[in-house]
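Written below as C-alpha cells is the structure these notes are about.
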Number of protein chains: 2
Amino acid sequence: MLRLSKLTDYAVVVMARLARDGAGPEGQVQTAPGLAMATGIAEPTVAKVLKLLGQAGLVEGLRGARGGYRLTRPLGAVPLSEVIVAVDGPIALTACVDGGSGGCEAERICAVRGRWDPVNRAIRDALSGITLADLAGPAPRSAPARPDQAAPEAVLLAE
Amino acid sequence: MLRLSKLTDYAVVVMARLARDGAGPEGQVQTAPGLAMATGIAEPTVAKVLKLLGQAGLVEGLRGARGGYRLTRPLGAVPLSEVIVAVDGPIALTACVDGGSGGCEAERICAVRGRWDPVNRAIRDALSGITLADLAGPAPRSAPARPDQAAPEAVLLAE
DNA sequence: GTAAATAGGACCAATCGGGTCCCCTTTGAA
DNA sequence: TTCAAAGGGGACCCGATTGGTCCTATTTAC
C-alpha cells in the first residue's frame with residue numbers, strides 16, 4: 001500500500017505539539033507524559049518516538065528532574081523526509097537498491113537491476129520539499145480552542 | 001521503511017520482460033511459466049502478478065491453449081504509479097487519509113488531521129512521472145514508446 | 001538523598017504480506 | 001468430439017515486520 005508507519009505519523013503529531021506549546025529551540029521543555037496527555041497517544045509510544053527523534057537530532061532531550069524535550073529547529077526547517085528517516089529508516093522502495101548484492105537470487109537475469117534509483121530519488125525529493133510546518137500549519141478545520149485541556153478518556157468514550 | 005512490496009517489483013520485471021520479448025500490444029503472447037523461467041521468479045508468483053496486472057488492464061490475458069499474456073500499452077505509456085496501484089492498492093501514506101473517520105481514536109485532538117493530502121499528492125506526482133520504460137532501460141528492440149497514446153490516466157484512488 | 005525525568009534496550013503479540021495450492025473456465029488442436 | 005494447455009479466481013498458511021509495553025540505568029533539580 002506504500003504506507004508509512006504509524007510511528008512516523010505519531011512523530012509528526014508530537015513534533016507539531018512541541019512547536020505549538022513553545023518547546024522550540026532554546027525554549028521551554030515538555031515532558032513525554034505531558035505530550036502523551038496532550039496528543040492522546042499512549043505514553044510509552046510517545047517516549048519511543050521521542051527517543052528516535054532525539055537520536056536523529058530532531059529534538060533535544062534534557063535529562064533529570066524538570067527535564068523534557070524541545071525542538072532543535074523550527075518546524076519550517078524540518079523536511080518530512082528527515083522525520084521518516086529518523087523513525088522508519090532510510091527511504092528506499094526496494095531492498096535490492098542499496099543493499100548491494102545478496103538476497104536477490106534473480107540478480108543475474110533481473111532486467112531492472114539498479115534502475116530503481118531515479119524512483120527513490122523522486123520520492124526523496126518530493127518528501128524533502130515538504131516541511132513539518134506544511135503539515136502542522138494553520139488549523140485544517142475548526143481549530144480546537146484548548147486541545148491541551150481535552151481529556152483522552154472522553155474521546156475514547158465519545159465514539 | 002517506506003518500501004513498496006516485492007510484488008510490485010516483480011510486476012515491473014515481468015512487464016519489462018514482456019516488452020523485451022515482443023509481447024506488446026497486438027503482438028505475440030507469452031505464457032506465465034515461460035515468464036517465470038525467463039525472470040527467475042517462482043511460477044505461482046508470476047501467475048499472481050499477471051492476474052493483478054490483468055485486472056488493472058495493464059496486460060491482456062488470452063485464455064485457452066496457446067494462450068498467454070501481452071502488454072496492452074508500450075512501456076513508455078505506463079506510469080509506475082499505475083503498476084503500484086494495480087498490485088499494492090491505492091497510494092496513501094497514512095490510513096487516516098482516505099478512510100474517513102473510524103480507526104483513529106485521537107481524531108478529535110489530532111493536529112495534523114487531513115494534512116497528509118499534499119504529501120500523498122506529491123508522492124503520486126513523482127510516481128506518475130516515471131514510466132516503466134525508464135525502469136526497463138533503453139528500448140530493447142526498435143520499439144520505442146509511442147506518445148500517440150493519449151494519457152489514459154489514472155485511477156490512483158480507484159480500488 | 002530522593003524524586004523526576006530521559007536513555008537504552010529487550011521483549012511479546014498481532015497484523016500484514018509473500019508465497020503456494022486448489023479447482024474452474026476457456027479454447028486451440030488432435 | 002475429446003483432450004490438454006493455459007488463464008481466472010479464490011482460499012490458505014507461514015514468516016517477517018511492526019506496534020506496543022516494560023524494565024533498568026543514568027542524570028539532575030530540589
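Basis for what follows: all heavy atoms, side chains included, without hydrogens, waters or symmetry-related copies. Sequence lines set the chain letters: A, B, ... in the order given, protein chains first and strands last, and positions in each chain run from 1.
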A:Thr8: side chain to side chain donor-acceptor pair (under 3.5 Å) partners, not counting sequence neighbours | A:Ser5, A:Asp88
Taking atom CD of A:Gln28 as the centre, does the number of heavy atoms from other residues, nucleotides or ligands within less than 6.0 Å exceed 12?
-> no
Set of side chain to side chain contact (heavy atoms under 4.5 Å, CB included) partners for [X], sequence neighbours left out:
X       : value
A:Pro44 : A:Ala42
A:Ala65 : none
A:Pro74 : A:Pro25, A:Ala77

Using a 4.0 Å heavy-atom cut-off, does [X] contact any base of the nucleic acid, only the sugar-phosphate backbone, or nothing at all?
X       : answer
A:Ala42 : sugar-phosphate
A:Ala32 : sugar-phosphate
A:Leu7  : sugar-phosphate

Distance, rounded to the nearest Å, where [X] contributes [atom1] and [N] contributes [atom2]:
X       : N      : atom1 : atom2 : result
B:Glu60 : D:dA6  : CD    : P     : 17 Å
A:Lys6  : D:dG19 : NZ    : C1'   : 8 Å
B:Leu50 : C:dT20 : CG    : C1'   : 16 Å
B:Asp9  : C:dG18 : CG    : P     : 11 Å
A:Gln28 : C:dA5  : CD    : C1'   : 15 Å
A:Asp88 : D:dT17 : CG    : C1'   : 11 Å
A:Glu43 : D:dG20 : CD    : P     : 14 Å
A:Leu52 : C:dG8  : CG    : C1'   : 11 Å

Pair listing, side chain to side chain donor-acceptor pair (under 3.5 Å) test, anchored in residues 72-84 of chain A, at least two apart | A:Arg73-A:Glu82, A:Ser81-A:Ser128
Which residue pairs satisfy the side chain to side chain donor-acceptor pair (under 3.5 Å) criterion with at least one member in residues 51-64 of chain A, sequence neighbours excluded?
-> A:Glu60-A:Arg70
May I ask you to verify if any side-chain N or O of A:Thr31 is less than 4.0 angstrom from the OP1 or OP2 atom of C:dA4?
-> no
May I ask you to evaluate whether A:Thr45 reaches the phosphate of D:dG19, defined as a side-chain N or O under 4.0 Å from OP1 or OP2?
-> no
Give the nucleotide from the list D:dT21, C:dG19, C:dG17 with an atom nearest to the side chain of B:Ser5.
-> C:dG17
Please list, by residue number, the residues of residues 61-74 of chain A whose heavy atoms come closer than 4.0 Å to an atom of DNA chain D; answer none if no residue qualifies.
-> A:Arg63, A:Gly64, A:Ala65, A:Arg66
Taking side chain as C-beta onward, heavy atoms only, is A:Trp116 less than 4.5 Å from A:Val119?
-> yes
B:Asp134 (side chain) donor-acceptor with B:Thr131 (main chain) under 3.5 angstrom | yes
Could you go through nucleotides 9-16 of chain C and list every protein N or O atom that sits under 3.5 Å from one of its N or O atoms, giving the distance for each pair?
none

